[in-house]
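What's counted below: heavy atoms across the whole structure, side chains too, no hydrogens, waters or symmetry copies. Remember, predicted model here, so these are calculated numbers, not experimental data.
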Amino acid sequence: MGAGSVEVRDRAWRDPLAVAAGLRDREGPLALLSDGGVLGRWSFVAAEPDRVHVGTAGSGAMLDFLRHPDFAAGVVGLLAYDAGARTATGQREPVWPDLMLARYPAMLAFDHQGGIVRVFGRGDSPDTARAAADRAEGWLSGAVEPACPPAAANALVPEAAPEAYLAAVADVVARIASGQLYQANIARAWSGELKPEADPFDVMLRLADRAAAYGAFWRLGDRAIVSNSPELFLTFDPASRRIESRPIKGTRPRDPDPDRDAALAAELSASLKDRAENLMIVDLMRNDLSRVAEPGSVSVAGLFEVESHPTVHHLVSTVAGLARPGIGPAELLEATFPPGSITGAPKHEAMKVIAGHEPPRGPWCGSLFHIEHDGRLTASVLIRTASFERNDGQWRFRTLAGAGIVADSDPAAELAETDAKIRALREALSGF
């Protein structure tokens, strides 16, 4: 399709989740559902991609597909964590494709601030673009007001005992003390099966009242993900060439008591440990962005800001820069993937240490990205994310939660942090 033709129409507001619910049984349903806040002004809904790529990284550049004009706009992709970690860990048994890409000629964009729906149709000619826009506009009338379904799974089964995680944290602390590295993000994993009558979209519906800036549901064939991520990996505006990343490091659980909740947020803001953990990743992201940015343009636009989400408070910083001429989404992702906030510092050494304690992660802590009609890139970090695979009609799921381990980490406290981070997904999957 290349550059081709684009038809754009503005229509009256509809709830994006309701529109997505009407498309859940079509081919390749997609819902990028934001919370409508400062970082999540737009939601996107689509189905029926006309071009799909699912595969492993070849011997050449991993993201060469993104350099093809057919994948220049209207594209959604998923990079699995292990695809980027392989330079440090070597070849391991894959648990998920390295790269999934789908191009959507018809797409709906929901402007939460403007209160409108923007209809996009793309094609090789004005006629085909108009037909795609007609198809997208028709989805609005098929919206289904979704009700919250019952829990989709009976239980989340831990893949290892808590004691194994405590031992892993203690080992990483010892490696940090020996000078091997400064920080590593170590995760725990849970898995299970959905009930026969349930599917992954039900999990998305159960997260609806806990919307995050980068919530997502995506199904391609017999694979699906549900994400409730609050973390921005990258944005890139090709018009201004501005790159931005917002790494998260530092977490406290929310508390139903307002005074206690405020105290936890203040404690996070003042924590020297969490600030040091965050600053290490800020420095790592500055280094990663400098590979593709104009010399001297990388700066810290915000440092140690507390963001409050339904189940946790987070410490967030913002790193920005100006991309060099000729830099596009493929070059940006290749220079910075996997995200520094979920690897550690130094990144290469941290990924080796992670591989010594964890099986392959799959999509978790990879990135889900969207290239819009104008080439703008938005890529999230796939935390608060469950992946699903269907075999013989049965959906199985896997999800993880991690914590950044530093020199003064307490294993029991890091274990509790992973419990806080998995809470929303645990409740969405199993109801408790």
[X] side, atom [atom1]; [Y] side, atom [atom2] - distance, nearest 0.5 Å:
X: Y104; Y: E48; atom1: OH; atom2: CD; result: 9.5 Å
X: W42; Y: T378; atom1: CH2; atom2: OG1; result: 12.0 Å
X: D82; Y: Q91; atom1: CG; atom2: CD; result: 9.5 Å
X: D255; Y: H313; atom1: CG; atom2: NE2; result: 8.0 Å
X: T235; Y: H370; atom1: OG1; atom2: NE2; result: 13.5 Å
X: Y214; Y: R246; atom1: OH; atom2: CZ; result: 7.0 Å

* To do: Could you check R175 against D171 for salt bridge (charged side-chain N to carboxylate O under 4.0 Å, His left out), going step by step and ending with a plain yes or no?
  => CA-CA 6 Å; R175 291 174 184 271; D171 175 70; 2.7 Å; yes
Check ion pair [X]-[Y] (N to O, under 4.0 angstrom):
X: R254; Y: D261; value: yes
X: E427; Y: R210; value: yes
X: D111; Y: R118; value: no
X: R384; Y: E231; value: no
X: D274; Y: K249; value: no
X: R324; Y: E331; value: no
X: R396; Y: E193; value: yes
X: K347; Y: D288; value: yes

Tell me if a side-chain donor or acceptor on [X] pairs with a main-chain N or O of [Y] at a distance below 3.5 Å.
X: S191; Y: F397; value: no
X: S245; Y: F233; value: yes
X: S271; Y: L268; value: no
X: K195; Y: N154; value: no
X: E358; Y: A187; value: yes
X: T418; Y: G402; value: no
X: R291; Y: A335; value: yes
X: S269; Y: E267; value: no
X: R122; Y: G4; value: no
X: H314; Y: V316; value: no

Is it true that, when you exclude [X] itself, more than 12 heavy atoms of the residues, nucleotides or ligands shown sit nearer than 6.0 Å to its [atom1]?
X: R286; atom1: CZ; value: no
X: K273; atom1: NZ; value: yes
X: Y182; atom1: OH; value: no
X: E27; atom1: CD; value: no

Are side-chain heavy atoms of [X] and [Y] found at a separation under 4.5 Å?
X: L66; Y: L101; value: yes
X: E372; Y: M107; value: no
X: I405; Y: E414; value: yes
X: M204; Y: W218; value: no
X: S227; Y: L368; value: no
X: F201; Y: R219; value: no
X: V76; Y: F369; value: no
X: V381; Y: I248; value: no

* To do: Kindly assign one of parallel, tilted or perpendicular to the pair F65 and F71, based on the angle between their ring planes and the thresholds 30° and 60°.
  =>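 F65 and F71: perpendicular rings.
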* Do H112 and D35 have a side chain donor and acceptor closer than 3.5 Å? ->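 No - no donor-acceptor pair under 3.5 Å links their side chains.
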* R361 to Y81, cation-pi by 6.0 Å centre distance and 45° axis angle ->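 R361 over Y81 ring: yes.
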* Do H357 and V172 pass the side-chain contact (heavy atoms from CB on, under 4.5 Å) test, and can you show the C-alpha distance, the side-chain angles, and the key distance before you say yes or no? -> CA-CA 9 Å; H357 288 288; V172 173; 4.2 Å; yes
* Test R24 against D202 for side-chain contact (heavy atoms from CB on, under 4.5 Å), laying out the working first. => CA-CA 10 Å; R24 63 184 291 176; D202 293 326; 3.1 Å; yes
* Asked: What residue among I422, V226, V203 forms side chain to side chain contact (heavy atoms under 4.5 Å, CB included) with L429?
  ->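 Result: among I422, V226, V203, V203 is the only option passing the side chain to side chain contact (heavy atoms under 4.5 Å, CB included) with L429.
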